[in-house]
Colleague: 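I am attaching a structure below and will ask some questions about it afterwards.
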Amino acid sequence: MAKIFCIANQKGGVGKTTTTVNLAAGLAKVGQRVLVIDLDPQGNATMGSGIDKRQLELSVYDVLLENASIAEARQHSDKAGYDVVGANRELAGAEVELVELERRDQRLKGAITAVAADYDFVLIDCPPSLSMLTLNGLCSAHGVVVPMQCEYFALEGLSDLVNTIKQVHANLNPDLQIIGLLRVMFDPRITLQQQVSEQLKSHFGDKVFDSVIPRNVRLAEAPSYGLPGVVFDPASKGAQAFVDFAKEMVLRVGKK
């Protein structure tokens with residue numbers, strides 16, 4: 001049965017989508033069956049996987065409103081090696097429409113259950129806010145992977161996210177936990193980043209992944225070619241770091 005993880009952080013611009021598509025591509029490279037669900041109306045994970053969000057016949061919007069199943073809405077990205085349930089601007093309207101519906105925070109969970117046997121990992125790319133969309137992701141997941149820049153303000157955002165996860169765990173999804181913190185855009189030459197990294201390790205212990213994703217130009221360039229960095233330039237330091245992270249993730253959750 002699939003392990004279902006949200007890639008979440010309430011702070012914007014921390015590399016959630018970059019983490020989602022590159023972890024997915026890394027997992028696919030090491031032989032895992034992967035589904036990416038794009039829950040962000042910007043649709044960046046969709047485009048970054050080589051799927052045109054403007055051409056979607058069915059999207060995660062249709063899945064949330066129960067007009068389509070994931071099996072109907074998913075597409076396989078030949079370039080990236082995993083399946084995608086895409087998103088586009090239409091998804092922004094789902095926020096308003098979901099408010100009046102029954103089981104509004106459980107819609108995604110039910111949809112994933114129907115296809116969970118098809119995958120080893122389901123990765124959900126969440127928007128950078130605690131919205132009804134993010135709540136659907138958190139209610140569906142076994143755990144949260146938190147990409148973090150090692151900067152002062154990132155620590156403040158992390159405490160908000162930890163509180164949110166505790167509340168969802170207590171009230172809506174008792175399975176939910178933090179799987180781990182991933183240090184991204186890391187530059188070891190900057191003293192502050194090293195200090196924050198040490199603070200994270202001392203406070204969260206083994207919840208901090210061993211893998212560290214360096215600041216890397218090739219990872220930043222890849223989305224403009226509609227590819228994860230792992231596929232765009234497999235030899236780059238960023239791509240290699242994500243493949244290492246994928247291997248660490250497989251070991252951590254006990255997937256063979």
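Residue numbers run from 1 in the order of the sequence given.
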Colleague: Quick check against the 3.5 Å criterion: does Ser140 have a side-chain atom that pairs as donor or acceptor with the backbone of Lys109?
Modeller: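 Between the backbone of Lys109 and the side chain of Ser140 there is a qualifying donor-acceptor contact (under 3.5 Å).
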Colleague: Salt-bridge test for Lys237 and Asp244: reply yes if a basic N is under 4.0 Å from a carboxylate O, no otherwise.
Modeller: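 So Lys237 does not pair with Asp244 through a salt bridge.
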Colleague: Side chains of Val196 and Glu151, heavy atoms from C-beta outward: is any pair under 4.5 Å?
Modeller: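 Val196 does not reach Glu151 side chain to side chain.
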Colleague: When hydrophobic residues are tied together by side-chain contacts of less than 4.5 Å, even through go-betweens, does Leu138 share a cluster with Ile70?
Modeller: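 Per the 4.5 Å side-chain linkage, Leu138 and Ile70 are co-clustered.
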Colleague: Nearest 0.5 angstrom please: Ile7 CD1 to Thr20 OG1, how far?
Modeller: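 Reported value, rounded in 0.5 Å steps: 4.5 Å.
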Colleague: Shortest non-hydrogen contact from Pro234 to Ala239?
Modeller: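 Shortest heavy-atom separation between Pro234 and Ala239 comes out as O-CB, 3.8 Å.
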Colleague: Running the 4.5 Å side-chain criterion over Ile, Leu, Val, Met, Phe, Trp and Tyr, what cluster does Met47 land in, apart from itself?
Modeller: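 So far as hydrophobic clustering goes, Met47 is joined with none.
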Colleague: Do you reckon Phe5 sits in the same ILVMFWY cluster as Leu27, going by side-chain contacts under 4.5 Å, direct or chained?
Modeller: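 Same hydrophobic cluster.
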Colleague: Measure from the side-chain N and O atoms of Asp125 to the backbone N and O of Leu39, and report whether any donor-acceptor pair falls under 3.5 Å.
Modeller: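 Checked: no pair found.
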Colleague: With a 4.5 Å cut-off on side-chain heavy atoms, are Ile179 and Arg252 touching?
Modeller: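 The answer is yes, as the side chains (C-beta and beyond) meet within the 4.5 Å cut-off.
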Colleague: Between Val60 and Leu101, is there shared hydrophobic-cluster membership here, with clusters defined by ILVMFWY side-chain heavy atoms closer than 4.5 Å?
Modeller: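 Per the 4.5 Å side-chain linkage, Val60 and Leu101 are co-clustered.
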Colleague: Applying side-chain hydrogen bond (donor to acceptor under 3.5 Å, both in side chains) as the test, list every pair that has at least one member in residues 173-184; sequence neighbours left out.
Modeller: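 Qualifying pairs: Arg183-Ser197.
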Colleague: Are any non-hydrogen side-chain atoms of Val146 and Leu182 less than 4.5 angstrom apart?
Modeller: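 A side-chain contact is absent here, since even the closest heavy-atom pair is not under 4.5 Å.
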Colleague: Indicate yes or no: at least one non-hydrogen side-chain atom of Met148 is less than 4.5 angstrom from one of Met185.
Modeller: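 Counting from C-beta outward, Met148 and Met185 never come under 4.5 Å.
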Colleague: Which residues pass the ring pair (Phe, Tyr, Trp, His ring centres under 6.0 Å) test with Tyr225, sequence neighbours left out?
Modeller: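 Listed in chain order: Phe232.
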Colleague: Roughly how far, to the nearest 0.5 Å, is the CD1 atom of Ile213 from the CG atom of Leu23?
Modeller: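 Atom-to-atom, Leu23:CG and Ile213:CD1 are 9.0 Å apart.
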Colleague: Looking at residues at least two apart in the chain, or sitting in another chain, which of them share a side-chain contact (heavy atoms from CB on, under 4.5 Å) with Thr18?
Modeller: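 Asn22, Phe242.
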Colleague: Spell out, as yes or no, whether a donor-acceptor pair under 3.5 Å connects the side chain of Thr134 to the backbone of Ser129.
Modeller: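 Answer holds: yes.
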Colleague: Is there a side-chain contact between Leu58 and Val63, using heavy atoms and a 4.5 Å cut-off?
Modeller: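 Not touching, per the 4.5 Å side-chain cut-off.
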Colleague: Return the minimal non-hydrogen interatomic distance between Glu72 and Ala68, and the atom names on each side.
Modeller: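 Of all heavy-atom pairs spanning Glu72 and Ala68, the closest is OE1-CA, 3.3 Å.
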Colleague: Is the backbone of Gly229 close enough, under 3.5 Å, to the side chain of Asp233 for a donor and an acceptor to pair up by distance?
Modeller: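 Here the side-chain-to-backbone pair does not exist.
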Colleague: Using 0.5 Å steps for rounding, measure from the CD1 atom of Ile37 to the SG atom of Cys126.
Modeller: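 Between atom CD1 of Ile37 and atom SG of Cys126 there are 10.0 Å.
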Colleague: Got a sec, which pairs hit side-chain hydrogen bond (donor to acceptor under 3.5 Å, both in side chains) with one end in residues 41-54, sequence neighbours left out?
Modeller: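 Found Asp38-Thr46, Ser49-Tyr82, Asp52-Arg54.
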Colleague: What pair of heavy atoms forms the shortest contact from Val145 to Met249, and how long is it?
Modeller: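 Val145 and Met249 have their closest heavy atoms at CG2-CE, 3.5 Å.
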Colleague: May I have all residue pairs that pass side-chain hydrogen bond (donor to acceptor under 3.5 Å, both in side chains) and include part of residues 163-172, sequence neighbours excluded?
Modeller: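 Residue pairs with at least one partner in residues 163-172: Gln10-Thr164.
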Colleague: My understanding is that only residues two or more places apart in sequence, or in another chain, count here; which of them pass ring pair (Phe, Tyr, Trp, His ring centres under 6.0 Å) with Phe209?
Modeller: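 So Phe209 forms a ring pair (Phe, Tyr, Trp, His ring centres under 6.0 Å) with Phe245.
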Colleague: At what distance, to the nearest 0.5 angstrom, does SG of Cys6 lie from NZ of Lys16?
Modeller: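 That separation rounds to 11.5 Å.
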Colleague: Mind listing the closest non-hydrogen atom pair of Pro127 and Leu133 along with its distance?
Modeller: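 Looks like CG-CB, 4.1 Å.
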Colleague: The criterion is ring pair (Phe, Tyr, Trp, His ring centres under 6.0 Å); which residues satisfy it with Tyr61, sequence neighbours excluded?
Modeller: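 Scan of Tyr61 (ring pair (Phe, Tyr, Trp, His ring centres under 6.0 Å), adjacent residues dropped) gives none.
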Colleague: Hey, any chance Val253 and Val243 share a hydrophobic cluster, counting ILVMFWY side chains that come within less than 4.5 Å of each other, even indirectly?
Modeller: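 Shared cluster, yes.
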Colleague: Heavy atoms only: give me the nearest Val122-Ala2 pair and the separation to one decimal.
Modeller: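 Taking Val122 first and Ala2 second, the nearest heavy atoms are CG2-CB, 3.9 Å.
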Colleague: Kindly give the heavy-atom pair with the smallest separation between Leu64 and Leu98, and that separation in Å.
Modeller: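 Heavy atoms only, the tightest pair is O-CD2, 4.0 Å.
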Colleague: One pair to check against side-chain contact (heavy atoms from CB on, under 4.5 Å): Gln195 and Leu192. What are the steps and the verdict?
Modeller: CA-CA 5 Å; Gln195 289 171 344; Leu192 175 64; 4.0 Å; yes
Colleague: Working note: Asp118 + Leu35, criterion side-chain contact (heavy atoms from CB on, under 4.5 Å); need CA distance, chi angles, decisive distance, verdict.
Modeller: CA-CA 9 Å; Asp118 298 348; Leu35 172 67; over 6 Å; no
Colleague: Applying salt bridge (charged side-chain N to carboxylate O under 4.0 Å, His left out) as the test, list every pair that has at least one member in residues 18-33; sequence neighbours left out.
Modeller: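 As it turns out, the salt bridge (charged side-chain N to carboxylate O under 4.0 Å, His left out) pairs with a partner in residues 18-33, which skip direct neighbours, are Arg33-Asp120.
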Colleague: Got a second to check how far Leu123's CG is from Gln32's CD, nearest 0.5 Å?
Modeller: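 That separation rounds to 10.5 Å.
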Colleague: Look only at the side chain of Arg74 and the backbone of Val85, and say whether a donor-acceptor pair between them is shorter than 3.5 Å.
Modeller: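 No.
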Colleague: Rounded to the nearest 0.5 Å, how far does CZ of Phe121 lie from NE2 of His142?
Modeller: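 One finds 11.5 Å between NE2 of His142 and CZ of Phe121.
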Colleague: For Asp105 and Leu135, indicate whether the former's side chain and the latter's backbone hold a donor-acceptor pair under 3.5 Å.
Modeller: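 Judged by distance alone, no pair lies under 3.5 Å.
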Colleague: Checking one residue: Phe186. Which other hydrophobic residues are in its cluster under the side-chain 4.5 Å linking rule?
Modeller: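 Besides Phe186, the cluster holds Val212.
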Colleague: Is there any salt bridge (charged side-chain N to carboxylate O under 4.0 Å, His left out) pair reaching into residues 77-102, and which pairs are they, with sequence neighbours excluded?
Modeller: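 As it turns out, there is no salt bridge (charged side-chain N to carboxylate O under 4.0 Å, His left out) pair with a partner in residues 77-102 once direct neighbours are skipped.
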Colleague: Could you check whether any side-chain heavy atom of Asn136 comes within less than 4.5 Å of a side-chain heavy atom of Cys139, counting everything from C-beta outward?
Modeller: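 Result no, sub-4.5 Å side-chain heavy-atom pair not found.
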Colleague: Any side-chain heavy-atom pair from Leu176 and Val144 closer than 4.5 angstrom?
Modeller: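 Yes, side chains in contact.
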Colleague: Got a sec, which pairs hit side-chain hydrogen bond (donor to acceptor under 3.5 Å, both in side chains) with one end in residues 204-216, sequence neighbours left out?
Modeller: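 Qualifying pairs, neighbours excluded: Ser211-Glu248.
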Colleague: Taking atom NE2 as the centre, does His76 end up with more than 12 heavy-atom neighbours from other residues, nucleotides or ligands that are less than 6.0 angstrom away?
Modeller: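 Yes - once you tally the heavy atoms of other residues, nucleotides and ligands closer than 6.0 Å, there are more than 12.
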Colleague: Say whether Val30 and Val21 are linked into one hydrophobic cluster, either directly or through other cluster members, by side-chain heavy-atom distances under 4.5 angstrom.
Modeller: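 Yes; Val21 is reachable from Val30 via cluster members.
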Colleague: May I ask you to decide if Pro214's main-chain N or O and Asp187's side chain share a donor-acceptor pair within less than 3.5 Å?
Modeller: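 No: the side chain of Asp187 does not pair with the backbone of Pro214.
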Colleague: Is there a side-chain contact between Ile124 and Leu108 in this structure, where contact means two heavy atoms from C-beta onward sitting under 4.5 Å apart?
Modeller: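 Yes, at least one pair of side-chain atoms sits under 4.5 Å.
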